[in-house]
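The figures here come from the full heavy-atom set of this structure, side chains too, leaving out hydrogens, waters and symmetry mates.
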2 protein chains.
Amino acid sequence: MTERLDPVLTSAGYLLLKAGTQFHTIIDEALTELDLTGRQFLVLTFAGSADPLSQLDLSRRLGLDPTIVVGLIDGLEARKVVRRVRDPADRRRYLLELTAAGGRLHAKAAAAVADAEREFLAPLPAADRKQLRRLLIDVMTRRLPWMGPS
Amino acid sequence: MTERLDPVLTSAGYLLLKAGTQFHTIIDEALTELDLTGRQFLVLTFAGSADPLSQLDLSRRLGLDPTIVVGLIDGLEARKVVRRVRDPADRRRYLLELTAAGGRLHAKAAAAVADAEREFLAPLPAADRKQLRRLLIDVMTRRLPWMGPS
DNA sequence: TATTGTTATACTCTATAACTATA
DNA sequence: TATAGTTATAGAGTATAACAATA
């Protein structure tokens, strides 16, 4: 009667994997109306962070090859939502800045992403959504160095 | 003093995304010693499930184009861990079967994956690991049709 | 006429190596 | 001599279209 379902398919790991890829798709769809990809949205997010990042810093945080970041930023700079500024202290580096237009675009995108997340987590009551976030923070803090404690 | 961290970077959605991709990498690494990819491991898992699947069924469960599944199964069949059997009821279809060797390989791989998962979730106490799995099941059940209730 | 599996081809994405300018 | 950013090129991975066999 009851379906025999391999334990793998109900494991936290497998579900984490599927949740990640499905949410990635959902985000990309939610951002198409703003003509952004999830990846570009993350660039805006990091570019708007407190301390200015170089392209190499950014490539590490995105987990992307530096050569890929070049094109990514080219596109966003052409749209004037991000700016490359030479670091006076080390003139090999560019520091990435969010322009005013970039800030507005990021705000809209963040709202769209938040909506998508709300819908994705809709099956969970509010307390469980908070709990899920806390658990993910506990798991990932050590794996995302810039989230570190200190 | 305290770092200003964009709320996006501590959202459940972003962390889910990062957890998914990082765990994917970890799984692939854990399976290299068995000469398997995470994707091949999932094929073995589904091929070993109770009701026999066609290649098209499998492509839907993996979320992959059917043309990709062809090559995937070619490789596993050449290794004699999976078999294509014509469905007598509809001779266009192949039903996928796990061979005895395939079952042994899957068992080893599942153990390796379980180890990797344990390590990945090590920051969480046991109760939280159970809780995380339950939350993911609640979120994903509706999105993975074959997990359906009934 | 539609569907399953297959092949061939084109396209996208990514990684590798080599270059420049700065340090 | 090493590093940040860039370019060009080659490779891997993927999707698209067309086909054979079966329904």
Side-chain angles (χ1 to χ4, degrees), chain A residues 17-18 20-22 24-25 27-29 31-32 35-43 46-47 49 51-78 82-98 146, chain B residues 17-18 20-22 24-25 27-29 31-32 35-43 46-47 49 51-78 82-98 146:
Chain A
L17 230 101
K18 286 308 254 185
T21 56
Q22 290 205 10
H24 186 273
T25 305
I27 290 305
D28 275 348
E29 282 168 1
L31 290 174
T32 45
D35 195 28
L36 281 176
T37 63
R39 187 176 282 182
Q40 289 174 316
F41 168 63
L42 285 178
V43 173
F46 281 115
S49 75
D51 47 3
L53 299 181
S54 71
Q55 291 188 198
L56 216 56
D57 293 332
L58 181 63
S59 75
R60 277 189 280 261
R61 303 205 179 186
L62 294 173
L64 293 176
D65 194 284
T67 62
I68 291 172
V69 173
V70 175
L72 243 179
I73 296 182
D74 282 349
L76 294 172
E77 195 172 35
V82 131
R83 223 185 345 248
R84 282 186 243 237
V85 181
R86 281 285 177 200
D87 181 352
D90 181 345
R91 302 195 44 266
R92 291 171 302 183
R93 301 170 149 237
Y94 283 121
L95 300 181
L96 301 175
E97 284 182 4
L98 203 58
W146 64 89
Chain B
L17 229 102
K18 286 307 256 185
T21 55
Q22 290 205 11
H24 186 274
T25 305
I27 290 306
D28 275 348
E29 282 167 1
L31 290 174
T32 45
D35 195 27
L36 280 176
T37 63
R39 186 177 283 182
Q40 288 175 318
F41 168 64
L42 284 178
V43 173
F46 281 116
S49 75
D51 47 3
L53 299 181
S54 72
Q55 291 189 199
L56 215 56
D57 293 332
L58 182 63
S59 76
R60 278 189 279 262
R61 303 206 177 186
L62 294 173
L64 293 176
D65 193 284
T67 62
I68 291 172
V69 173
V70 175
L72 243 178
I73 296 181
D74 282 348
L76 294 172
E77 195 172 35
V82 132
R83 223 185 345 248
R84 281 186 245 237
V85 181
R86 280 286 176 198
D87 181 352
D90 182 346
R91 301 194 46 265
R92 291 172 302 184
R93 301 171 149 236
Y94 283 120
L95 299 181
L96 301 175
E97 284 181 3
L98 203 57
W146 64 90

Quick check on C:dA23: is either OP1 or OP2 less than 4.0 Å from any side-chain nitrogen or oxygen of A:R86?
no

A:R84 side chain N/O closer than 4.0 Å to the phosphate oxygens (OP1, OP2) of D:dA4?
no

Whole-Å distance separating the [atom1] atom of [X] from the [atom2] atom of [N]:
X	N	atom1	atom2	value
B:L56	D:dT22	CG	P	17 Å
B:L62	D:dT14	CG	C1'	15 Å
B:L72	D:dG13	CG	P	11 Å
B:Q55	D:dT22	CD	P	15 Å
B:L95	D:dT22	CG	C1'	14 Å
B:R93	C:dA2	CZ	C1'	13 Å
B:L96	C:dT4	CG	P	14 Å
B:D87	D:dT22	CG	P	13 Å

Distance, nearest 0.5 Å, that separates [atom1] of [X] from [atom2] of [Y]:
X	Y	atom1	atom2	answer
A:T25	A:E29	OG1	CD	6.5 Å
A:L76	A:R83	CG	CZ	13.5 Å
B:I27	B:R39	CD1	CZ	14.5 Å
A:L96	A:L58	CG	CG	6.0 Å

Under the 3.5 angstrom rule, does the side chain of A:R86 hit a backbone N or O of A:R91 as a donor-acceptor pair?
yes

Among C:dT7, C:dT14, D:dT6, the one nearest A:I68 by side-chain distance
C:dT14

Nearest to the B:R92 side chain among D:dA23, C:dT7, C:dA17, which nucleotide is it?
D:dA23

For the base of D:dT22, is there a side-chain donor-acceptor partner from B:R91 under 3.5 Å away?
no

What contact category does A:S54 fall into here, base, sugar-phosphate, or nothing, at under 4.0 angstrom with non-hydrogen atoms?
sugar-phosphate

Which part of the nucleic acid, if any, lies within reach of B:D65 when heavy atoms closer than 4.0 Å are counted: base, sugar-phosphate only, or nothing?
base

Of A:D90 and A:R39, the one whose closest nucleotide on DNA chain C sits nearer the 5' end is A:R39

For DNA chain C, whose closest nucleotide is more 5', that of A:A89 or that of B:V70?
B:V70

